[in-house]
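To start, the structure itself, in structure tokens.
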Amino acid sequence: MIRAIIDTNCLRASIPPRSPFYQLYLDFRDSKFEWFVSTEILLEYEEVLSRTYSANTAQLVLHQLAIAPNVVYAEAAFRWQLIQNDPDDNKFCDLALSVNADYLVSEDNDFDVFKKRSHFPDLEWLD
């Protein structure tokens, strides 16, 4: 199965049914990939979703992530600190490398760091 890390902004954009990113939700619902999360990532999801939508919506989304069979909880084995521009994004990179993810789904250019590092395993992202 496909192993994916989802950046917070992509999660946030996938919630409204009319969003061009709603397909991410549909693919998740249909178990087309395993969604890997860590404590740090879940806390960021909660913070951003509460600020963007409401605390209730944030809790509903987090509840779905907690009970979905295709969500995998993991913690990064090492902190690589690859992203200098926005160190807060390192939690996504670190987890992606630790779980050998196939995709890091983001529109953030900071993740271009993977294009420049030939000694890391192949990791693709959707942008």
Side-chain angles (χ1 to χ4, degrees):
M1 174 157 317
I2 294 171
R3 302 161 70 91
I5 310 296
I6 312 298
D7 187 26
T8 307
N9 288 327
C10 290
L11 167 60
R12 178 176 56 185
S14 72
I15 293 172
R18 293 185 180 171
S19 167
F21 296 94
Y22 191 65
Q23 188 64 46
L24 176 64
Y25 165 73
L26 295 175
D27 289 347
F28 166 67
R29 182 195 65 191
D30 295 341
S31 295
K32 292 187 176 179
F33 63 92
E34 287 182 311
W35 187 328
F36 282 77
V37 297
S38 67
T39 300
E40 284 182 293
I41 290 171
L42 289 170
L43 289 171
E44 181 172 304
Y45 287 172
E46 180 179 28
E47 177 188 339
V48 172
L49 292 176
S50 294
R51 202 173 43 218
T52 304
Y53 298 107
S54 68
N56 187 47
T57 299
Q59 290 307 309
L60 287 171
V61 171
L62 291 172
H63 177 73
Q64 289 303 310
L65 291 174
I67 65 170
N70 56 322
V71 171
V72 180
Y73 177 82
E75 291 296 336
F78 188 80
R79 301 209 182 270
W80 294 94
Q81 303 302 315
L82 297 176
I83 297 178
Q84 303 300 314
N85 292 343
D86 186 359
D88 202 39
D89 284 338
N90 280 308
K91 65 177 138 291
F92 297 98
C93 292
D94 296 343
L95 187 61
L97 290 167
S98 291
V99 303
N100 196 27
D102 298 301
Y103 293 95
L104 198 163
V105 182
S106 178
E107 288 200 319
D108 190 334
N109 291 335
D110 286 334
F111 294 108
D112 287 351
V113 67
F114 286 109
K115 291 180 181 177
K116 301 171 188 164
R117 305 227 178 229
S118 60
H119 56 280
F120 284 107
D122 286 342
L123 179 66
E124 298 180 40
W125 59 97
L126 305 177
D127 54 9

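All values below were derived from every heavy atom in this structure, side-chain atoms included, with hydrogens, water molecules and symmetry-related copies excluded.
- Using modelled atom types, one side-chain atom of Asn90 and one backbone atom of Pro87 make a donor-acceptor pair closer than 3.5 Å.
- Counted by atom type alone, Thr39 and Glu75 present one or more donor-acceptor pairs between their side chains at under 3.5 Å.
- Under the side chain to side chain donor-acceptor pair (under 3.5 Å) criterion, Tyr53 pairs with no residue at all, not counting sequence neighbours.
- Residues Leu104 and Ile6 fail the side-chain proximity criterion, which asks for heavy atoms closer than 4.5 Å.
- With rounding to the nearest 0.5 Å, the separation of CZ in Phe36 from CZ in Arg3 is 3.5 Å.
- Residues Gln23 and Phe21 fail the side-chain proximity criterion, which asks for heavy atoms closer than 4.5 Å.
- Linking Ile, Leu, Val, Met, Phe, Trp and Tyr whenever their side-chain heavy atoms come within less than 4.5 Å puts Trp35 and Val72 in one cluster.
- Counting only heavy atoms from C-beta outward, the side chains of Leu65 and Tyr45 approach each other to under 4.5 Å.
- The shortest side-chain heavy-atom distance between Leu49 and Ile15 falls under the 4.5 Å cut-off.
- Phe33 has its side chain within reach of Leu24: a pair of non-hydrogen atoms, C-beta onward, lies under 4.5 Å apart.
- In the hydrophobic clustering of ILVMFWY residues, with side-chain heavy atoms under 4.5 Å counting as a link, Phe92 and Leu62 come out together.
- Val105 and Leu42 fall within a single hydrophobic cluster, where Ile, Leu, Val, Met, Phe, Trp and Tyr are joined by side-chain heavy atoms under 4.5 Å apart, directly or via other members.
- Summarising the geometry, atom CG belonging to Asn56 is positioned 12.0 Å from atom NE2 belonging to His63; distances are rounded to the nearest 0.5 Å.
- With values rounded to the nearest 0.5 angstrom, Ser54 atom OG is found 7.5 Å from Leu60 atom CG.
- Contact detail for Tyr73 and Ser38: the closest heavy-atom pair is CE1-C, 3.9 Å.
- Judged by distance alone, the side chain of Ser50 and the main-chain N or O of Ala58 form no donor-acceptor pair under 3.5 Å.
- Glu34 has its side chain out of reach of Ile2: every pair of non-hydrogen atoms, C-beta onward, lies at least 4.5 Å apart.
- With contacts defined as side-chain heavy-atom distances shorter than 4.5 Å, the pair Glu46/Gln59 qualifies.
- One finds the OG1 atom of Thr8 at 3.5 Å from the CD atom of Glu44 (value rounded to the nearest 0.5 Å).
- Nearest approach of Asn70 to Ser31, heavy atoms of both residues: ND2-CA, 3.5 Å.
- Residues Leu95 and Val71 fall within the same hydrophobic cluster, defined by Ile, Leu, Val, Met, Phe, Trp and Tyr side chains chained together at heavy-atom separations under 4.5 Å.
- Residues Tyr22 and Pro17 have side chains in contact (heavy-atom distance under 4.5 Å, counting atoms from C-beta outward).
- Arg79 CZ: 12 or fewer foreign heavy atoms inside a 6.0 Å radius.
- Residue pairs satisfying the salt bridge (charged side-chain N to carboxylate O under 4.0 Å, His left out) criterion with at least one member in residues 50-73, sequence neighbours excluded, are listed as follows: Glu47-Arg51.
- Atom OG of Ser106 is separated from atom CG of Leu11 by 12.0 Å, given to the nearest 0.5 angstrom.
- Here the side chain of Ser19 pairs no donor or acceptor atom with the backbone of Ser14 at under 3.5 angstrom.
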